[in-house]
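Worksheet for the structure shown next.
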Amino acid sequence: MIDFHCHVDLYPKARDVYAGAIERNIFTWLVTTSPKAFQATSHVLKKHESVLISPGLHPEIVADRFQELEMLLELIQNVAAVGEVGLDGSKRYSTSYAMQLRVFSEVVRKCHDVGGRAISIHSRQAVSDVLATLKAFPSHGIPILHWFTGTVTELRDASAQGCWFSIGPAAFNSAAGKALAFKLPKDRVVPESDGPFAQFVNRTVMPWDFNITVRLLGEAWSMSENDVKLQLVSNTKMLLEKMGCDRILSHF
Ligand SMILES: [Zn+2]
C-alpha cells in the first residue's frame with residue numbers, strides 16, 4: 001500500500017496506526033500541521049525508512065500558529081519535503097486569509113531559495129492563488145495538490161503548471177469529486193488517505209486504504225483495478241525519484 005498524504009499523528013491511537021502503516025505500506029508520507037507538531041511527531045514516532053515525515057503549517061490553523069512560521073522556514077532547509085501547507089479560501093477561514101497568503105508565499109519562496117522541495121498542498125477554494133504563488137517562485141520543486149476540489153479549468157491550469165495530484169477515498173464522496181477524478185491526468189496521480197480527517201462509508205480512512213482508492217479510480221477511469229494499481233505504482237516510483245527518495249525506491 002501507498003499513502004502520499006496522511007496525518008498519522010492525529011489519530012486517537014497514533015502509535016498503533018503508525019505501526020500498521022509501517023507493516024502494510026511500502027511508502028507513507030506523514031504530513032504535519034505545524035512545525036512544533038513535526039518536531040514532536042519526529043521525536044515520538046521511531047524513524048522508519050518507509051515513512052517520510054514533513055513539517056507544515058496547515059492553513060486552517062495559521063491564525064493560531066503564525067508565530068511558528070520562522071521555525072518552519074528554518075526546518076525547510078534540512079528536509080526533503082514540506083507539508084501540509086497551502087491556502088483555504090472557504091468562508092470559515094476568511095479572516096486569516098491574508099495571513100495564510102503570507103505564510104504560503106514565504107514557504108514557497110523558501111523552497112525556491114533552497115533549490116526545490118516536494119510540497120503537499122491544501123488548495124480548497126484557493127486554487128488560483130496557490131497556482132499564482134507557485135508561479136512567482138518557479139524553482140519551488142514539486143507541488144502535489146492533495147484532495148483537489150477546484151474547477152475543471154483550474155485542474156487544467158494546475159496540470160499545465162506541472163502539479164501532481166494526491167487523491168483518496170473521500171474525494172469520491174460527492175458527484176463533483178467523481179467528475180473531477182475522471183479528468184485527472186492519469187500519469188500524475190498518486191494515492192492518499194488524508195486520515196483521520198477523511199471519512200468514507202461511515203468510517204475514518206486509514207493510511208493503508210490504497211485498494212479503495214484503486215477501486216474508485218478504476219470506476220472513474222473505466223480501467224481494471226490491476227491496471228490502476230500498475231499506473232499508481234509507476235506514478236509513485238516516478239514521483240519518489242523526482243523527490244530524491246532513493247532509499248524508499250529500493251523497496252519497490
Ligand atoms: Zn491533510
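When a ligand or atom number is given, it counts from 1 through the structure's own listing order.
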Answer yes or no for His5: is there an N/O/S atom below the 2.8 Å cut-off from the Zn ion (ligand 1)?
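Of the N, O and S atoms in His5, at least one lies under 2.8 Å from the Zn ion (ligand 1), which means yes.
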Examine His58 and say whether one of its N/O/S atoms is closer to the Zn ion (ligand 1) than 2.8 Å.
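No N, O or S atom of His58 is closer than 2.8 Å to the Zn ion (ligand 1), so no.
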How far apart are the C-alpha atoms of Phe4 and Phe27, what are their side-chain angles, what is the distance that settles it, and do they pass the ring pair (Phe, Tyr, Trp, His ring centres under 6.0 Å) test?
CA-CA 8 Å; Phe4 269 85; Phe27 173 64; 4.9 Å; yes
Between Arg215 and Glu225, does any side-chain N to carboxylate O distance fall below 4.0 Å?
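So Arg215 does not pair with Glu225 through a salt bridge.
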Do Arg203 and Asp209 meet the salt-bridge criterion of a basic N to acidic O distance under 4.0 Å?
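Yes.
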By atom name, which N, O or S atom belonging to Asp194 lies closest to the Zn ion (ligand 1)?
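The nearest such atom is OD1.
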By atom name, which N, O or S atom belonging to Glu84 lies closest to the Zn ion (ligand 1)?
OE1
Intermediate values then yes/no, side-chain contact (heavy atoms from CB on, under 4.5 Å), Ser166 and Trp29
CA-CA 11 Å; Ser166 57; Trp29 182 348; over 6 Å; no
